[in-house]
Amino acid sequence: IRLEYTNIGDSGVVTPNEPNYQEPVQTQEPAARSKDTTRKPKAVIVHGAPCSGKSTYVRAHIGENDVEYDYDRLLEAMTDRTTHSTKQHAGHNITVKMRTFIINRAKEEPAVSKTWIIARDYNDYLKEILDGFEVEDVQIRATEEQCLANLAGDDSRPDKKEWEDVIHAYFQESGKL
């Protein structure tokens, strides 16, 4: 919504004291903000092993009118933590619920071009909540060795041994040894 003034007084300043003053009129912004009922929202699900480069990929491709769900960054913002941890934080449940909220709001918001979701797995739950989206599935394929090398260079993960265990477990569980 934009305020438009129809008359400006002799002084060049709009004030109620000017003889030709009229109250501002609320007008709608141009049609770009109108709700398009034919629009199918777009989502990009970026998934892969821990330390595979998912966040790096999103940062390199995200657009100006895109929104992103990154569990690690949201938890960091809510708790003022500056490092990744393998331990579940008290804010975990809130952070996970925010994913559903962000996805649902992006579905209704015409200004959002794409919704980026970073996850380890593209599971049935994500497929369900992304119903109604045009989904681009981006799997970051990295070997266990590549993930361990990325971990070694990541200063935001000081508990290297714990992260190594998480990476090993991911590859064992997914059968990608």
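As the structure is a prediction and not an experimental result, all values here were calculated from the model.
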Has the side chain of [X] got a donor or acceptor atom that lies under 3.5 Å from a matching backbone atom of [Y]?
X: Asn150; Y: Cys147; answer: no
X: Lys54; Y: Ala49; answer: yes
X: Lys160; Y: Leu151; answer: yes
X: Lys107; Y: Asp131; answer: yes

Got [X] and [Y] here, is their nearest side-chain heavy-atom distance under 4.5 Å?
X: Arg99; Y: Tyr125; answer: yes
X: Trp116; Y: Val138; answer: no
X: Phe133; Y: Ile103; answer: yes
X: Lys42; Y: Val135; answer: no
X: Ile117; Y: Val46; answer: no
X: Thr56; Y: His61; answer: no
X: Thr115; Y: Val44; answer: no
X: Glu134; Y: Pro41; answer: no

>> Set out, in order, the CA-CA distance, both residues' side-chain angles and the distance that settles side-chain contact (heavy atoms from CB on, under 4.5 Å) for Asp121 and Tyr170, then state yes or no.
In response: CA-CA 10 Å; Asp121 299 298; Tyr170 174 88; 4.1 Å; yes
> Hey, mind stepping through Glu68 and Arg59 against side-chain contact (heavy atoms from CB on, under 4.5 Å) and telling me if it holds?
Replying inline: CA-CA 9 Å; Glu68 168 191 7; Arg59 281 193 299 273; 5.5 Å; no
> Charged N to carboxylate O under 4.0 angstrom, Arg157 versus Glu162?
Replying inline: no
> side-chain contact (heavy atoms from CB on, under 4.5 Å) between Ile167 and Gln146: does it pass, once the steps are laid out?
Replying inline: CA-CA 10 Å; Ile167 292 168; Gln146 288 169 322; over 6 Å; no
For [X] and [Y], which heavy atoms make the closest approach, and how far apart are they?
X: Leu130; Y: Ala43; result: CD2-CB, 3.8 Å
X: Gly132; Y: Lys40; result: O-CG, 3.4 Å
X: Ala119; Y: Ile45; result: CB-CD1, 4.1 Å
X: Phe171; Y: Ala142; result: CZ-O, 3.4 Å
X: Gly63; Y: Asp66; result: N-OD2, 2.7 Å

> Who pairs with Lys161 by side chain to side chain contact (heavy atoms under 4.5 Å, CB included), at least two apart in sequence or on another chain?
Replying inline: Glu164, Asp165
Which value, rounded to the nearest 0.5 Å, describes the distance between [X] atom [atom1] and [Y] atom [atom2]?
X: Cys51; Y: Leu148; atom1: SG; atom2: CG; value: 8.0 Å
X: Ile118; Y: Asp70; atom1: CD1; atom2: CG; value: 3.5 Å
X: Thr95; Y: Leu75; atom1: OG1; atom2: CG; value: 4.5 Å
X: Glu109; Y: Asn65; atom1: CD; atom2: CG; value: 10.0 Å
X: Thr100; Y: Arg105; atom1: OG1; atom2: CZ; value: 14.0 Å

>> Would Lys127 and Tyr122 count as a cation-pi pair here, with the cationic atom under 6.0 angstrom from the ring centre and within 45° of the axis?
In response: yes
> side-chain contact (heavy atoms from CB on, under 4.5 Å) between Tyr69 and Leu74: does it pass, once the steps are laid out?
Replying inline: CA-CA 8 Å; Tyr69 172 82; Leu74 280 174; 3.5 Å; yes
> For Asn123 and His47, does a side-chain donor sit closer than 3.5 Å to a side-chain acceptor?
Replying inline: no
